[in-house]
Novice: 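Quick one: structure below, then a few questions.
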2 protein chains.
Amino acid sequence: MEQRSAVNIANSLEQLIFDGTFADGDRLDEVRLAEQFGVSRTPLREALQRLESSGLVTLIPRRGAFVRQPGPLELLEMFEVMAELEAVCARLAARRMSDDALDMLRLANARCQAASDAQDADLYYTENERFHATIYRESGNSFLEQESLKLQKRLRPFRRQQLRLRGRMPQSLTEHEVIVEALTAGDSNAAANALRDHVNVQGERFQSLMAGLKTAAS
Amino acid sequence: MEQRSAVNIANSLEQLIFDGTFADGDRLDEVRLAEQFGVSRTPLREALQRLESSGLVTLIPRRGAFVRQPGPLELLEMFEVMAELEAVCARLAARRMSDDALDMLRLANARCQAASDAQDADLYYTENERFHATIYRESGNSFLEQESLKLQKRLRPFRRQQLRLRGRMPQSLTEHEVIVEALTAGDSNAAANALRDHVNVQGERFQSLMAGLKTAAS
DNA sequence: AACTAATATCTTGTATACAAAGTAATTGAC
DNA sequence: GTCAATTACTTTGTATACAAGATATTAGTT
């Protein structure tokens, strides 16, 4: 375990925000949370500061900490950036990737296939993340890798639900194969486009979901 | 002024790290800095936490805070990501940019021209940043805009010195014009490539600078 | 003289205490 | 009865106090 409880608390709070225990706009009471975690206000405040800089919480001076879930517009923007970031990873990876790494990627995709065959959405989700993370890594740029992982993590709660839409897993798999082919051929433009489209599908699905909600609400 | 001194202190420390007052690896003593800023350790620690999450400082548990300047490799990686991020901005802006915004961009470039004519590297630097920031904004994706601005800010101290290399300002200007043309034509691929190359020049210059240092040291 | 072990000192991490700003409630006037 | 103002009560921001881990120093042994 960590030695500084602030990091632990920050991670725990992050999880609680992700899984919806704390909804958007909720105020995070320092004293309540402090006794809930069994610590004093000092480490808890440090945790809140951390969450603020990762964008999960807004700190209003003299007012408190408030959960800040991105709205539909911001989410669309984040999905767009994710798609472009991954396209960049693919573009770089197409030129830099080794044969061994390509084998690893094929293995990751085989695991996705197995999860899809088993109709296991959770497993597919995990293996799919590994597939993508492999491409981040093979961009050969660890700064880019870290940034991609950060955004992937941030979008995780919103991606998760979409995989359960029927027909998405097989479709995702065929898209993966196109990506692997482009990377194998070393065709950076094709790889970038394939990966961008692949990720953009999620953004579009999300968009139509939002549009549906809007229509329903009006 | 801000109400929470932690943010002020964080900004001040950031500046001190940027301008080289604190070098890479320096330990930031909490009590010393606290009395230097005239506050207690509590807000200062919060400032250090902020700096850690923006990557300027490493916090080693029970050991302290250490200035963390990116090494040559990491800087190259960051330059590469900056180039790709800006390329994405250009690609999106090419499709989304309004005529008014194009005029603003031309104006920004005219100011760069004026600074170049006056041989004013500092002014050129400022106007150049505005030119680039305009493209970020015109990507129409404010999340992307913010991320680009963040990285731009982080690379600022390393870019600054390079503009003083002779011949760089005129070259930069002609590159700007290619970018403006591509954006005017709405050619997203051309705009992306032009901006990527434009930023990559700095990365390459930096690389040769590093290589020179390495050779000199051996 | 060099290495190890024990102790002393320093520094970080956490809790508590206090002060100022903000919010809610109660009282008073119209 | 409603609105405003003053007062009481939270809650945040900061300082100080304390505890535990890390570093430095000194003493002892080989």
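All values below come from the heavy atoms of this structure, side chains included, with hydrogens, waters and symmetry mates left out. Convention: sequence-line order gives letters A, B, ...; per-chain numbering from 1.
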Novice: Is there a residue in residues 45-57 of chain A whose heavy atoms reach under 4.0 Å of DNA chain C, and which residues are they?
Specialist: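 Heavy-atom cutoff 4.0 Å gives no residues at all.
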Novice: I'd like to check the side-chain hydrogen bond (donor to acceptor under 3.5 Å, both in side chains) partners of B:N141; sequence neighbours left out, ordered by chain and number.
Specialist: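 Once residues adjacent in sequence are excluded, the partners of B:N141 under the side-chain hydrogen bond (donor to acceptor under 3.5 Å, both in side chains) criterion are A:E80.
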Novice: Give every residue pair that meets the ring pair (Phe, Tyr, Trp, His ring centres under 6.0 Å) criterion with at least one member in residues 27-60 of chain B, sequence neighbours excluded.
Specialist: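 Counting only pairs at least two positions apart or across chains, no ring pair (Phe, Tyr, Trp, His ring centres under 6.0 Å) contact touches residues 27-60 of chain B.
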Novice: Taking ring pair (Phe, Tyr, Trp, His ring centres under 6.0 Å) as the cut-off, I'd like each qualifying pair that reaches into residues 9-31 of chain B, sequence neighbours left out, listed once.
Specialist: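 Every pair satisfying ring pair (Phe, Tyr, Trp, His ring centres under 6.0 Å) with a residue in residues 9-31 of chain B: there are none.
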Novice: Can you figure out which of D:dG13, D:dT14, C:dT14 approaches the side chain of A:R41 most closely?
Specialist: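 Among D:dG13, D:dT14, C:dT14, the one nearest the side chain of A:R41 is D:dG13.
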Novice: Let me know the distance between CG of A:L33 and C1' of D:dT12, rounded to the nearest Å.
Specialist: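 Distance check: A:L33 CG to D:dT12 C1' gives 14 Å.
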Novice: Identify which one of B:L48, B:L44, B:L16 satisfies the side-chain contact (heavy atoms from CB on, under 4.5 Å) criterion when paired with B:L28.
Specialist: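 Answer to the side-chain contact (heavy atoms from CB on, under 4.5 Å) test with B:L28 among B:L48, B:L44, B:L16: B:L48.
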Novice: Show every salt bridge (Lys or Arg N to Asp or Glu O under 4.0 Å) that has at least one partner inside residues 130-145 of chain A, sequence neighbours left out.
Specialist: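 The answer is A:E127-A:R130, A:R137-A:E145.
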Novice: Round to the nearest Å and state the distance from B:L44 atom CG to C:dT11 atom C1'.
Specialist: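 Checked: the CG to C1' distance equals 14 Å.
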Novice: B:S40 side chain N/O closer than 4.0 Å to the phosphate oxygens (OP1, OP2) of D:dT14?
Specialist: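 Indeed not, no polar side-chain atom of B:S40 lies that close.
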Novice: For A:T126, give me all partners under side-chain hydrogen bond (donor to acceptor under 3.5 Å, both in side chains), at least two apart in sequence or on another chain.
Specialist: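 For A:T126, no residue satisfies side-chain hydrogen bond (donor to acceptor under 3.5 Å, both in side chains) once neighbours in sequence are set aside.
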Novice: Tell me, which pairs form a ring pair (Phe, Tyr, Trp, His ring centres under 6.0 Å) where one or both residues lie in residues 65-104 of chain A, sequence neighbours left out?
Specialist: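 Found A:F79-A:F206.
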Novice: Tell me whether the OP1 or OP2 atom of D:dG13 has a side-chain N or O from B:S5 closer than 4.0 Å.
Specialist: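 No, B:S5 has no side-chain N/O under 4.0 Å of OP1/OP2 on D:dG13.
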Novice: Quick test: give all pairs of protein nitrogen or oxygen and nucleotides 5-11 of chain D nitrogen or oxygen below 3.5 Å, distance rounded to 0.1 Å.
Specialist:
{"from": "D:dT11", "atom 1": "O3'", "to": "A:R27", "atom 2": "NH2", "distance (Å)": "3.4"}

Novice: With B:N109, which residues qualify under side-chain hydrogen bond (donor to acceptor under 3.5 Å, both in side chains), at least two apart?
Specialist: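 If we apply the side-chain hydrogen bond (donor to acceptor under 3.5 Å, both in side chains) test to B:N109, skipping adjacent residues, the hits are B:H176.
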